[in-house]
Novice: 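Pasting in a structure now, in structure tokens, and then I'll have a few things to ask.
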Amino acid sequence: MIPFNIPPYVGKEEEYIKEAIASKKICGDGAFTKKCNAFLEEYTGTTKALLTTSCTHATEMAAILADIQPGDEVIMPSYTFVSTADAFVLRGAKAVFVDIRPDTMNIDENLIEDAITEKTKAIVPVHYAGVSCEMDKIMEIAKCHNLLVIEDAAQGVDSKYKGKSLGTMGDYGCFSFHETKNLSMGEGGALLIRDQKNVERAEIVREKGTNRAKFFRGQIDKYTWVDAGSSYLPSELNAAYLYAQLENIHEIQNNRMNSWNYYYELLSPLAQQGKIELPVIPEGCEHNAHMFYIKAKDLEERTALSAFLKENDITASFHYIPLHSAPAGEKFGRFHGEDVYTTKESERLLRMPMYYGLKKDEIEFVCEKVKEFYAV
Ligand SMILES: *Cc1c(COP(=O)(O)O)cnc(C)c1O
């Protein structure tokens, strides 16, 4: 059987978790969390990175830091994970969904401006499959209309746009280290903060609204409740697992990239015959091999292909049901403009097995079966 995902494991995780236990500090913000934060800052070039309990929570933090209020509007694609919208809906905002581009499945940057109203506070680009949105255009629109940009870079760790790391261009960037992502800590994530002026409040919001971070640095002699906040610190046990992965980021990423390229090579003939479509990586984007998807003709063909692969013990997986068509999406959001591609393209997309350690002959087997399906 070829599963869809196996959580990444490099071998040093247990040693580091034991180290965390031996240090007698297993709550948040111990040595491993600090090392992870520093690694992410250095690696991405962001001003400040803070590990969080999830990407969902990093996005919630960003919504708090952005002072999102009831009635505000936040622009995002409908083709995304629920967390992108939930974080803002929890603050009383309305999710305003904009159509995607069929080539990358990312928000269509040319449709954003038309969705802006006087209530709009932020734009939330989602970098689907670790392929960047058109950030130059998005940042230009945000600047022109005085909006914040919060990047949902859950899938975009180690991806770049014109040389810049995803998650570092917007005011805030949100990473995920869920077990389904390239690098993992079980459940977890990180908030990237671009501007120094927002760092202190981010530390406060993350520490239950207290200035404890400042206290631990010896900058104040007692800590107190200074703002509204919550508990967004992961345990050191999770951070220890992640640190082992960060140390091996190149190994993990090279392995995934080889798999991605091999899929692409083996399935290219089918794409040339016009039977399927393969992912598009626009110029200026360096992706991270987070996902390998193909597009079938339509929903019916995808369903049949998925079932055929399942019969052959291969788990392929469809992805998001567009949020605007979900019950909560109808309640908390609205689709601005016409849904030309969101529903249609989402129904065609099927994700192939992809994980660190996926074997060459497994990829060959998957591609053989896809070809067999289309041979009839
Ligand atoms: C995985 C994912 C999330 C949620 O990440 P968690 O760490 O599980 O909260 C949010 N947005 C997108 C686009 C994702 O792929």
Side-chain angles (χ1 to χ4, degrees), residues 4-5 7-8 33 36 40 49-64 74-90 95 97-98 100-101 104-107 122-133 135 138 149-159 161 166-167 170 172-192 206 230-235 238-239 241-242 245-246 256 279 287-293 317-324 326 328-329 333 342 345-346 349 351 354-355:
F4 177 67
N5 178 59
T33 303
C36 290
L40 291 172
L50 295 171
L51 279 198
T52 58
T53 31
S54 64
C55 178
T56 305
H57 279 167
T59 316
E60 279 182 29
M61 277 184 70
I64 294 169
V74 178
I75 295 172
M76 63 186 70
S78 171
Y79 185 68
T80 183
F81 190 56
V82 289
S83 301
T84 317
D86 260 333
F88 300 94
V89 163
L90 275 174
F97 303 116
V98 165
I100 54 169
R101 295 164 43 146
T104 56
M105 306 298 284
N106 284 335
I107 191 166
I123 305 169
V124 188
V126 180
H127 305 297
Y128 187 70
V131 179
S132 183
C133 296
M135 289 306 289
I138 292 170
V149 174
I150 296 156
E151 296 178 67
D152 182 334
Q155 302 173 14
V157 178
D158 204 23
S159 291
Y161 172 76
L166 302 195
Y172 302 101
C174 307
F175 280 172
S176 175
F177 300 116
H178 185 262
E179 73 163 34
T180 52
K181 301 305 200 287
N182 292 27
L183 306 168
S184 185
M185 54 196 281
E187 298 272 359
L191 178 68
L192 273 53
R206 181 167 165 274
S230 188
S231 184
Y232 294 121
L233 298 73
S235 121
N238 298 68
Y241 192 101
L242 180 65
Q245 310 238 318
L246 291 174
R256 291 185 80 111
H287 73 105
N288 59 356
H290 173 61
M291 185 192 296
F292 194 91
Y293 65 76
S317 184
F318 61 88
H319 216 179
Y320 310 126
I321 311 287
L323 297 183
H324 72 283
T342 299
E345 296 300 304
S346 70
L349 186 143
R351 296 174 294 159
M354 173 59 95
Y355 47 85

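Just so you know, ligand 1 is whichever comes first in the structure, and atom 1 is the first atom listed for that ligand. Residues take their numbers from the sequence shown, with the count starting at 1.
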Novice: Any idea which atoms of ligand 1 are less than 4.0 Å away from a heavy-atom of S54?
Specialist: 7 (O), 9 (O)
Novice: N/O to N/O below 3.5 Å, does that happen between K181 and ligand 1?
Specialist: yes
Novice: Has the side chain of T53 got a donor or acceptor atom that lies under 3.5 Å from a matching backbone atom of P234?
Specialist: no
Novice: Say whether, by atom type as modelled, one donor and one acceptor occur between the side chain of N288 and the main chain of N182 under 3.5 angstrom.
Specialist: no
Novice: Just by modelled atom types, is the G130 backbone N or O under 3.5 Å from a matching donor or acceptor in the S159 side chain?
Specialist: yes
Novice: Going by the atom numbers of ligand 1, which of them fall below 4.0 Å from some non-hydrogen atom of G188?
Specialist: 7 (O)
Novice: Test your reading of the structure: does A154 have an N or O sitting under 3.5 Å from an N or O of ligand 1?
Specialist: no
Novice: Which ligand 1 atoms are under 4.0 Å away from a heavy-atom of V126?
Specialist: 13 (C)
Novice: Distance alone, cut at 3.5 Å: any donor-acceptor contact between the side chains of Y79 and E345?
Specialist: no
Novice: To the nearest 0.1 Å, how far is atom 15 (O) of ligand 1 from its closest protein heavy atom, and which atom is that?
Specialist: Q155 NE2, 2.8 Å
Novice: E187 to ligand 1: N or O pair under 3.5 Å?
Specialist: no
Novice: Is the shortest N/O to N/O distance between D152 and ligand 1 below 3.5 Å?
Specialist: yes
Novice: Is a side-chain donor or acceptor of E151 paired with a backbone partner of G173 at a separation under 3.5 angstrom?
Specialist: no
Novice: Would you say S78's side chain and L323's backbone share a donor-acceptor pair under 3.5 angstrom?
Specialist: yes
Novice: Report yes if H178 has an N/O atom closer than 3.5 Å to an N/O atom of ligand 1; otherwise report no.
Specialist: no
Novice: Do me a favour and list the nearest non-hydrogen protein atom to atom 9 (O) of ligand 1 with residue, atom name and distance?
Specialist: T56 OG1, 2.5 Å
Novice: With heavy atoms of C55 as the reference, note each atom of ligand 1 found under 4.0 Å away.
Specialist: 4 (C), 5 (O), 6 (P), 7 (O), 9 (O)
Novice: Which atom names give the shortest non-hydrogen contact between A190 and T52, and what distance separates them?
Specialist: N-OG1, 3.3 Å
Novice: Any idea which protein heavy atom is nearest atom 3 (C) of ligand 1, and the distance to it?
Specialist: F81 CD2, 3.5 Å
Novice: Any heavy atom of F175 closer to ligand 1 than 4.0 angstrom?
Specialist: no
Novice: Hey, is ligand 1 close enough to S176 that some N/O pair sits below 3.5 Å?
Specialist: yes
Novice: Using side chain to side chain donor-acceptor pair (under 3.5 Å) as the criterion, point out the one residue from H319, H290, Q155 that pairs with Y128.
Specialist: H319
